Amino acid sequence: VQLQASGGGLVQAGGSLRLSCAASDGTFRRYARAWFREAPGKEREFVVAINWDGATTNYADSVKGRFTISRDNAKNTVYLQMNSLKPEDTAVYYCAASATLGYTINWYDYWGQGTLVTVSS
């Protein structure tokens with residue numbers, strides 16, 4: 001089973017992007033899903049997580065009010081809507097899956113390949 005992240009690109013500050021993370025089959029339909037990001041020269045950090053049915057979400061303080069996670073289990077896909085983007089949001093964004101909801105890198109067993117988001121000032 002694979003996770004495929006997409007939707008990254010170059011955007012000006014204040015703009016929006018929507019990332020997608022598609023699973024190759026329904027294995028992760030009842031898994032928690034999350035997004036992490038890794039900025040140049042920095043460690044990978046937690047961005048947001050969502051439980052299997054979408055009832056529970058948790059956001060890093062740095063993205064609260066600007067980013068929204070959602071999921072469509074029928075499509076095995078999780079989305080990250082990113083609004084009001086800032087240059088400091090520039091990073092490679094990784095999607096991940098875990099049997100239960102967590103907020104740390106080590107909690108997640110399955111990872112996508114990452115998609116680059118670049119926000120210009």
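Computed from a predicted model, the values in this text were never measured in an experiment.
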Would you say [X] and [Y] make side-chain contact, with heavy atoms under 4.5 Å?
{"X": "Thr90", "Y": "Val117", "answer": "no"}
{"X": "Ile50", "Y": "Leu101", "answer": "no"}
{"X": "Leu85", "Y": "Leu17", "answer": "yes"}
{"X": "Leu80", "Y": "Thr68", "answer": "no"}

Can you tell me which residue pairs pass the salt bridge (charged side-chain N to carboxylate O under 4.0 Å, His left out) test with a partner in residues 21-35, sequence neighbours excluded?
->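 The answer is none; no pair qualifies.
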Can you pull the salt bridge (charged side-chain N to carboxylate O under 4.0 Å, His left out) pairs that have at least one residue in residues 80-98, sequence neighbours excluded?
->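 Applying salt bridge (charged side-chain N to carboxylate O under 4.0 Å, His left out) to every pair that reaches into residues 80-98, excluding sequence neighbours, yields Arg37-Asp89, Arg66-Asp89.
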I would like to know whether Leu19 and Thr115 meet side chain to side chain contact (heavy atoms under 4.5 Å, CB included); could you show each step before the answer?
-> CA-CA 8 Å; Leu19 306 183; Thr115 185; 4.0 Å; yes
Return each pair, listed once, that meets disulfide bond (SG atoms under 2.5 Å apart) where at least one residue sits in residues 23-60; pairs must be two or more places apart or across chains.
->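 Those involving residues 23-60 do not exist here.
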Lys64: what forms a salt bridge (charged side-chain N to carboxylate O under 4.0 Å, His left out) with it, not counting sequence neighbours?
->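 Per chain and number, Lys64 pairs via salt bridge (charged side-chain N to carboxylate O under 4.0 Å, His left out) with Asp61.
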Arg44: salt bridge (charged side-chain N to carboxylate O under 4.0 Å, His left out) partners, not counting sequence neighbours |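 Only Glu38 meet the salt bridge (charged side-chain N to carboxylate O under 4.0 Å, His left out) criterion with Arg44.
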Can you name the side-chain hydrogen bond (donor to acceptor under 3.5 Å, both in side chains) partners of [X], sequence neighbours left out?
{"X": "Thr100", "result": "Trp107"}
{"X": "Ser24", "result": "none"}
{"X": "Asp72", "result": "none"}
{"X": "Ser120", "result": "none"}

Which residue pairs satisfy the ring-ring contact (aromatic ring centres under 6.0 Å, His included) criterion with at least one member in residues 16-50, sequence neighbours excluded?
->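 Residue pairs with at least one partner in residues 16-50: Phe28-Tyr31, Phe28-Tyr110, Phe36-Phe46, Phe36-Tyr108, Phe36-Trp111, Phe46-Tyr103.
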Sorted by first residue and then second, give each ring-ring contact (aromatic ring centres under 6.0 Å, His included) pair with at least one member in residues 47-73; sequence neighbours left out.
->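 ring-ring contact (aromatic ring centres under 6.0 Å, His included) check on residues 47-73 returns no pairs.
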Can you list every side chain to side chain donor-acceptor pair (under 3.5 Å) pair that touches residues 2-19, not counting sequence neighbours?
->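 Side chain to side chain donor-acceptor pair (under 3.5 Å) check on residues 2-19 returns Ser16-Asn83.
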Any donor-acceptor N/O pair, Thr77 side chain to Ala22 backbone, under 3.5 Å |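 Looks like no, no N/O pair under 3.5 Å.
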Where Ala23 and Leu3 come nearest, the two heavy atoms and their spacing =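 What the structure gives for the nearest pair is CB-CD2, 3.9 Å.
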Which pair of non-hydrogen atoms, one from Pro87 and one from Ala13, has the smallest distance, and what is that distance?
->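 Of all heavy-atom pairs spanning Pro87 and Ala13, the closest is CD-CB, 4.1 Å.
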Are Val92 and Tyr79 joined in one hydrophobic group, where the rule is that I, L, V, M, F, W and Y side chains link up if heavy atoms are under 4.5 Å apart?
->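 The answer is no; the residues belong to distinct hydrophobic clusters.
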With Val48 as reference, evaluate Asn58, Val78, Ile69 under the side-chain contact (heavy atoms from CB on, under 4.5 Å) test and give the passing residue.
->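 The residue from Asn58, Val78, Ile69 that satisfies side-chain contact (heavy atoms from CB on, under 4.5 Å) with Val48 turns out to be Ile69.
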Roughly how far, to the nearest 0.5 Å, is CZ of Arg71 from CG of Asn51?
->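 Between Asn51 CG and Arg71 CZ, I get 7.0 Å after rounding to 0.5 Å.
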